[in-house]
Structure formats: C-alpha cells, structure tokens
Amino acid sequence: MNAIEIYTDGACKGNPGPGGWGVLLLSGGTEKELFGGELATTNNRMELTAVIEALTALKRPCQVTLYLDSEYVRKGITEWIHGWKARGWRTAAKQPVKNVELWQKLDAVVAGSGHKIDWRWVKGHAGDPGNERADALANRGVDVALGKR
C-alpha cells in the first residue's frame with residue numbers, strides 16, 4: 001500500500017457564506033493540490049468536503065495519514081458516526097444530524113475505499129506547514145466561488 005500524507009482544510013467568509021476547501025497530498029516527494037468552493041455554504045460543510053475530495057482523489061487503497069484542524073470532522077467520523085447510524089442519522093438529542101448527506105458520503109468513501117486512515121488533529125493557524133498550505137488552498141477555493149480566479 002502506498003503511504004500518503006493528506007492535509008485538508010475548509011474556509012468560509014461568513015458562516016454561512018461563500019466557502020472553500022483545500023487539500024494537499026504528499027507521497028514519495030510528489031505533491032498535489034486540490035481546491036474548490038461554493039457560494040452559499042458553512043465552514044463545517046467545507047471541512048467535510050475537503051476530506052471527501054481528498055480521499056476520492058486516491059485511485060487505489062493507500063495507507064493515509066490525514067491531518068485536519070476540524071475536531072467536528074475527526075470526532076464525527078471516528079466516534080459520533082456509529083451512534084448516528086444506530087439512531088437512524090439522529091443525534092443523541094434525537095435531532096437530525098446536520099450535513100447528513102456529506103457524512104453519508106464520507107462514510108461510504110471510508111468504508112468502500114480500502115484505505116487505512118490515521119486521523120490526526122492539528123491546531124489550525126499555528127504554523128504547521130501542511131495545514132497552512134491547506135488553509136491557503138481553501139481560501140483559493142473561496143476566491144474561485146466568488147469568481148475572483
């Protein structure tokens with residue numbers, strides 16, 4: 001299995017508002033950048049989209065170390081999702097899970113990809129080079145959504 005490091009981030013100008021997602025993939029000295037955006041979205045949706053886009057960009061099962069500054073996404077996929085699914089996509093408070101279609105998409109990608117994923121939280125805006133690049137890519141995604149690039 002190829003080893004790959006992935007850094008993901010989401011950005012939103014207003015929440016909700018125009019947003020972007022960014023991905024940095026690193027493997028064996030090779031780098032690839034991905035980014036995109038939407039006009040009317042939230043930061044959490046962009047964080048989820050970044051991870052989905054990153055994992056679907058991989059063409060074969062990989063050993064993934066995925067760095068993200070979103071505890072919402074990390075805890076959601078590693079802890080909370082099991083209860084949500086058991087409760088029919090409801091929270092412990094019996095409310096519908098927000099962003100359910102993105103959580104279901106991420107769940108399907110993780111389950112069906114064959115990737116072995118090590119989910120690692122990093123503090124955002126704290127100088128981690130990979131996270132800073134993913135943040136810059138997410139902001140480029142906002143610019144694309146706004147028609148600036």
Side-chain angles (χ1 to χ4, degrees), residues 1-12 15-16 18-38 41-145:
M1 243 188 224
N2 287 2
I4 186 162
E5 288 187 333
I6 300 175
Y7 290 84
T8 64
D9 202 11
C12 214
N15 200 16
W21 56 269
V23 174
L24 174 64
L25 301 115
L26 305 168
S27 181
T30 302
E31 295 182 359
K32 184 171 185 175
E33 296 178 337
L34 307 170
F35 60 92
E38 297 176 18
T41 190
T42 65
N43 190 65
N44 283 343
R45 291 184 67 81
M46 292 294 90
E47 295 280 2
L48 278 161
T49 300
V51 174
I52 292 165
E53 292 289 339
L55 294 175
T56 56
L58 304 176
K59 302 302 179 210
R60 59 187 166 280
C62 294
Q63 181 70 47
V64 177
T65 305
L66 199 149
Y67 298 92
L68 65 171
D69 62 10
S70 171
E71 283 285 58
Y72 170 71
V73 175
R74 190 185 67 80
K75 285 187 175 181
I77 196 65
T78 62
E79 297 173 26
W80 305 333
I81 199 164
H82 311 293
W84 293 340
K85 288 164 64 173
R87 291 185 293 271
W89 293 98
R90 299 240 169 224
T91 66
K94 299 190 176 25
Q95 298 301 310
V97 171
K98 290 182 181 173
N99 306 311
V100 67
E101 76 286 359
L102 291 175
W103 283 113
Q104 289 170 338
K105 189 171 185 178
L106 179 57
D107 184 42
V109 169
V110 169
S113 65
H115 303 314
K116 292 191 183 338
I117 305 170
D118 180 9
W119 301 89
R120 295 196 188 173
W121 180 81
V122 294
K123 184 172 175 58
H125 310 287
D128 180 288
N131 179 258
E132 295 294 336
R133 284 186 59 192
D135 179 67
L137 291 165
N139 281 295
R140 282 176 66 187
V142 175
D143 288 346
V144 167

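From I52, atom CD1 reaches atom CD of E47 across 12.0 Å, with rounding to the nearest 0.5 Å. Within the model, atoms CE of M46 and CD of E53 stand 9.0 Å from one another, a figure rounded to the nearest 0.5 Å. Between the CZ atom in R60 and the CG atom in N2 there is a gap of 4.5 Å [rounded to 0.5 Å]. Between K98 atom NZ and T42 atom OG1 the span is 9.0 Å, to the nearest 0.5 Å. Going from atom CH2 of W89 over to atom CD of Q104 covers 5.0 Å, rounded to the nearest 0.5 Å.
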side-chain contact (heavy atoms from CB on, under 4.5 Å) between K116 and M1, worked out | CA-CA 9 Å; K116 292 191 183 338; M1 243 188 224; 4.2 Å; yes
Yes or no on side-chain contact (heavy atoms from CB on, under 4.5 Å) for V64 and L58, after CA distance, side-chain angles and deciding distance?
-> CA-CA 10 Å; V64 177; L58 304 176; 3.8 Å; yes
Intermediate values then yes/no, salt bridge (charged side-chain N to carboxylate O under 4.0 Å, His left out), R120 and E5 = CA-CA 10 Å; R120 295 196 188 173; E5 288 187 333; over 6 Å; no
Is there a side-chain contact (heavy atoms from CB on, under 4.5 Å) between E33 and R140 once you walk through the steps?
-> CA-CA 11 Å; E33 296 178 337; R140 282 176 66 187; 3.8 Å; yes
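Under the 3.5 Å distance criterion, the side-chain polar atoms of S27 are matched with a main-chain donor or acceptor of A3. Of the possible donor and acceptor atoms, one in the side chain of N139 sits under 3.5 Å from a partner among the backbone N and O of D135. Side chain of E132 to backbone of G127: a donor-acceptor contact under 3.5 angstrom is found. Of the possible donor and acceptor atoms, none in the side chain of T41 sits under 3.5 Å from a partner among the backbone N and O of R45. The closest donor-acceptor contact from the side chain of N99 to the backbone of L102 lies at 3.5 Å or more, if one exists at all.
Residue A50 comes nearest to V23 through the heavy atom pair O-CG2, 3.3 Å, listed as atom of the first residue, atom of the second, then distance. Between L55 and I6 the shortest heavy-atom distance is CD2-CD1, 4.3 Å. Of all heavy-atom pairs spanning A145 and G37, the tightest one is CB-C, 3.8 Å. Here the shortest heavy-atom pairing between V144 and F35 reads CG2-CE1, 3.7 Å. Residues N15 and C12 come closest through the heavy atom pair OD1-SG, 4.1 Å. Smallest separation of non-hydrogen atoms from L68 and R74: CD1-N, 3.9 Å.
D69 places a side-chain heavy atom less than 4.5 Å from the side chain of D9. Within the 4.5 Å cutoff, the side chain of T65 has no heavy atoms near those of the I4 side chain.
Checking L106, D107, V110 one by one against I81, the side chain to side chain contact (heavy atoms under 4.5 Å, CB included) holds for a single residue, D107.
Y7 pairs by the ring-ring contact (aromatic ring centres under 6.0 Å, His included) definition with Y67, not counting sequence neighbours.
Taking a cutoff of 4.0 Å between a charged side-chain nitrogen and a carboxylate oxygen, E31 and R133 qualify as a salt bridge.
Identified under the ring pair (Phe, Tyr, Trp, His ring centres under 6.0 Å) test for residues 94-139, with sequence neighbours left out: Y72-W103, W84-W103.
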